[in-house]
Every structure is written in C-alpha cells, then in structure tokens.
Undergrad: 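What follows is a single structure, and I will ask about it in a moment.
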Number of protein chains: 2
Amino acid sequence: MRSYDEYCALAKSLDVVGDRWTLLIVRELELRGACRYTDLRNGLPGIATNLLADRLRELEREGLVAREEAPPPIATTLFRLTERGAELRPVLESLVRWGMPLMTEDNTGDAVRSHWLAWAIELLLIDRRPDAAPVTLELRTGEQPIVLETRDGKLVTRLGPAGEAGADVTIAGEPRPVMGLLLGMLTVPEAAAIGVSYTGDPAILERIGPDAAMVSA
Amino acid sequence: MRSYDEYCALAKSLDVVGDRWTLLIVRELELRGACRYTDLRNGLPGIATNLLADRLRELEREGLVAREEAPPPIATTLFRLTERGAELRPVLESLVRWGMPLMTEDNTGDAVRSHWLAWAIELLLIDRRPDAAPVTLELRTGEQPIVLETRDGKLVTRLGPAGEAGADVTIAGEPRPVMGLLLGMLTVPEAAAIGVSYTGDPAILERIGPDAAMVSA
DNA sequence: CAGCATCCGCTTTGATACTG
DNA sequence: CAGTATCAAAGCGGATGCTG
C-alpha cells in the first residue's frame, strides 16, 4: 500500500495493515495459530492466490508474520504471527465489536466459518446467571459444530462436536437466525419458523445474551 | 469497496470502513468535530478531491456521517459524525496505540498536523507524579503550538499558544525529535544536537512518559 | 497436492483541470 | 466553497500454469 505520508500513528498503522485482506489474514493467524498456506486460503474465501502470497511477503517484511519450516513428518511451511503481529488483537476486537450490529443484516451468499462465529460469541456474549449450574450448548451451523460452555459468567467455545455427555441445548440451522437466537433478537418460535431447530430447555437461552457494555463500545 | 462476503463481524466492519482514506476521514471528524469540506481536505493532505467526495457520500449512506447546512451567517455545508460513526473511536484508538512505535522511524516528508500529535499525546503519555504541582508544557512543532497540562496523572492538550502565565517548559523543533523527547527516547542534549530547543526545568520532562500499559496494547 | 508466479481485464485511486 | 470531469497509473480478481 502506498503510504499516506502523515506523521500520525493512525496513518502509520494503516500504512502497514490498511491493505485489502491484510487484517483478515491476521484474523486467521490469531484464531487458528500457525497455518499452512492452504489453511489460510480456506479461511479467506475469495482471495486471489497471488494476493495472499503478496500479503504474506509484506507481513513478513514488516515483522508481523514469520515463516517456519515444519520438521520432516509434516514437511510444510507454516505461517505464524510474531509478537508484534499478535499485538493487533485489540484492533481486531474493537472492529468486531463495532461490526456486530451488521451481522443481523442480509447475508445471503456470505461464506461462513465456525471459528469466526465462535470468536464473536466469546467476545460479545455473557452468561447472566454465573452462579447457576454450568450449561453446555451445541451449535450446528457453519462447517463444523461449536460447543459453548458457561464459565465464570463468560462463555468459552470449542470447535467440534460436544463430548460424551452431550449438550443441554442443541441449535441447528442457518448462521444468521442461530446468531439471532443467541443475541436475543429472535425467539425460539420465530427461529423455528425459518428453519432453526432447538432441542433442550428454552429457559437456558435466557441466560445467554449480549454484554451490553461489549457491543459496539 | 467490494464486500468480502464473509459472515464475520470483522469482515463486515471492513466492508464499511476498510476503504483507503475512510478511517482517516473519521479521524478528522472525531478530532475536530463538524467540519467543512475544505477543513477535511486540509486534514487529509494528498487525498484526491473526488475521492473525498465519494467517501463522504458512502459514509453518509452507511449512516456514519451526516451533512448539515449551517444557517445564513456561515452558510456552508458541515459534515459531522453520527453516533454510530463516533462509536468507531475505540477502533481508532487501538490503531493509534499499535502504530505508536512506528512514529520513531524515518518520516522525512510526512505531513504534520498538530491535532494528530495532541491526540497521540493524550492517549499515550501520563504524568508520573500526579501529586506534584501541575505543570504546563508548550510544544512548538507542526502548524500551531500545543499546550500540555498535567491533570490527575494524565495529560490534557489544547491547541494554540499558552495563555498569560506562559508554560513551564517550551520545546521547539521538528516533530519526530520533539515526540522522541516526550516518549523518553531522546535526552535533552541529544535532541538539542538535532535542532530541538528546550527551555525550562529539564526535570519536568522526567515526569512525563509513555504509559507502559498503553503503548501497543 | 502445497505454494506460489504470470497474464489479463476490470476497478479503484491519484493528479489535475474545471464549474456553479 | 464544494464539489465534477477526465484520464493515466496502480491495485485487484480470476484463471491458469509451473515446480517441488
């Protein structure tokens, strides 16, 4: 990216991370840790492969990303964030909070990845009854299930199916209405009407909701 | 900007504010309040006027900026942030914190505006002796002086010359070494050697410094 | 298959000139 | 003051090809 040539810290940041795709690449590396080129491409649907290669080179040159050769059994190149790159997390999180209201608009045709949803859930939702018995929810949306567990008033997520014990609640359907349920913008019957199945105690959903202080602030 | 078409709050944010120049326009409106077109152009050196017009239209369409006609005595169009637009402040601030280390690199040829510097100072510097008598510093760099006052352990800034009482310390010179002094990366003699004049008690500078928790975090 | 590089058409940006 | 108009240059997207 061409420099803005301004002696302003904001402009200097944007000189480095203001290019199209750059912050999304950082997102993938933050959320998934060290990644192969192919993993990155999978997490960045629509990126032109030459652009991904270009961006990775620039990020390496700027000291945000390091490339390491995995040892023989794996024998592939891994890309990982440096410490400086990982320090972008507050930037990503402030953008996620600001962007959350946009998740309820029309999104037909949008690509979905479960780790993006899990990230937003951890950042924005809380358990309003931290002293009640912990509960587990399983979301079946996106390319793999997401398990939600209440812990200390927060929600922790894990990708993959719920374990032996199963989940107290299972919600399956399209990403937007599933998120709508969690955000309290849809009721269970409303969501059911557009194809979302909800199994388990509906009261559990009452516990979960957006942290008012967290959304867009 | 073409949408990323990802169901991810980060991507949705970048769909709206990820275009070149957009966040810098928001910066100007955050820092200066309602602005005329010409004021914006002055705060965005290098922007093409058609781009500024385009971006303002998009920002208006997205509900981040509102345009208002000032009444007869002024008789001009003013652009101001809506509440939604103003909520981008945490995004701007996280980017400023991350970008601060880049302010010490070479910047010959960079445009400078005093309000950018004042903003960074308020965000990043603290008074390490909040219980001592308050002090006033005047910076003469950029296109207008900046007055710094210690207050409750923080620094508050004001643009324009120091008032009647004058300042306890006056620092004049190029922006980078002046910031270097405040950030504790240069000593007074070092800065003097590259053309920075410092008048007043050098011990006062000891009080001022970066909040370790604030820079790039 | 993983990790690119090249080519080409399209869109965005930058610089400048001009206007109500 | 607050923009439009124009055009060249740079950046991006999509397809394809190459190399270990």
Undergrad: Please report, rounded to the nearest Å, how far the P atom of D:dG3 is from the CD1 atom of B:Ile25.
TA: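 Distance check: B:Ile25 CD1 to D:dG3 P gives 12 Å.
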
Undergrad: NA contact type, A:Ala48, heavy-atom cut-off 4.0 Å: base, sugar-phosphate, or nothing?
TA: base

Undergrad: Could you state the CD1-P distance from A:Ile47 to C:dC4, rounded to the nearest angstrom?
TA: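 For the pair A:Ile47 CD1 and C:dC4 P, the rounded distance is 13 Å.
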
Undergrad: Can A:Glu30 and A:Arg27 be counted as an ion pair, charged N to O under 4.0 angstrom?
TA: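 Salt bridge: no.
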
Undergrad: For B:His115 and B:Glu28, which I'm curious about, is there any donor-acceptor pair between the side chains at under 3.5 Å?
TA: yes

Undergrad: Whole angstroms only, please: what is the CZ-C1' distance between A:Arg57 and C:dC4?
TA: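 One finds 8 Å between C1' of C:dC4 and CZ of A:Arg57, rounded.
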
Undergrad: Over how many whole Å does the gap from A:Asp15 atom CG to D:dG11 atom P extend?
TA: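 A:Asp15 atom CG is separated from D:dG11 atom P by 13 Å.
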
Undergrad: In this structure, how many angstroms lie between the P atom of C:dC7 and the CG atom of A:Leu51, rounded?
TA: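 Spelled out: CG on A:Leu51 to P on C:dC7 is 16 Å.
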
Undergrad: Looking at C:dA15, I'd like to know if its phosphate oxygens (OP1 or OP2) sit under 4.0 Å from a side-chain N or O belonging to A:Arg2.
TA: yes

Undergrad: Any carboxylate oxygen within less than 4.0 angstrom of a Lys/Arg side-chain nitrogen, looking at B:Asp110 and B:Arg176?
TA: no

Undergrad: Of the nucleotides C:dT13, C:dC4, D:dG3, which has the atom closest to the B:Asp19 side chain?
TA: C:dT13

Undergrad: Calculate the interatomic distance between A:Glu69 atom CD and C:dC4 atom P; express it in whole Å.
TA: 9 Å

Undergrad: Quick check on DNA chain D: between B:Thr49 and A:Met1, whose nearest nucleotide comes earlier from the 5' end?
TA: B:Thr49

Undergrad: What is the distance, rounded to the nearest whole Å, between atom CH2 of A:Trp21 and atom P of D:dG14?
TA: 9 Å

Undergrad: So which nucleotide from D:dG13, C:dG3, D:dG3 ends up closest to the side chain of A:Arg20?
TA: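 Of the options given, the side chain of A:Arg20 lies nearest D:dG13.
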
Undergrad: Please report the shortest heavy-atom distance between B:Ser3 and B:Asp15, naming the atom on each side.
TA: OG-OD2, 2.9 Å

Undergrad: Does the ring of B:Tyr37 carry B:Arg67 above it, NZ/CZ under 6.0 angstrom from centre and within 45° of its axis?
TA: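 Because its charged atom misses either the 6.0 Å distance or the 45° angle limit, B:Arg67 does not stack over B:Tyr37.
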
Undergrad: Expressed as a whole number of angstroms, how long is the span from A:Asn50:CG to C:dG3:P?
TA: 16 Å

Undergrad: OP1 or OP2 of C:dC4 less than 4.0 angstrom from a side-chain nitrogen or oxygen of A:Arg55, does that happen here?
TA: no

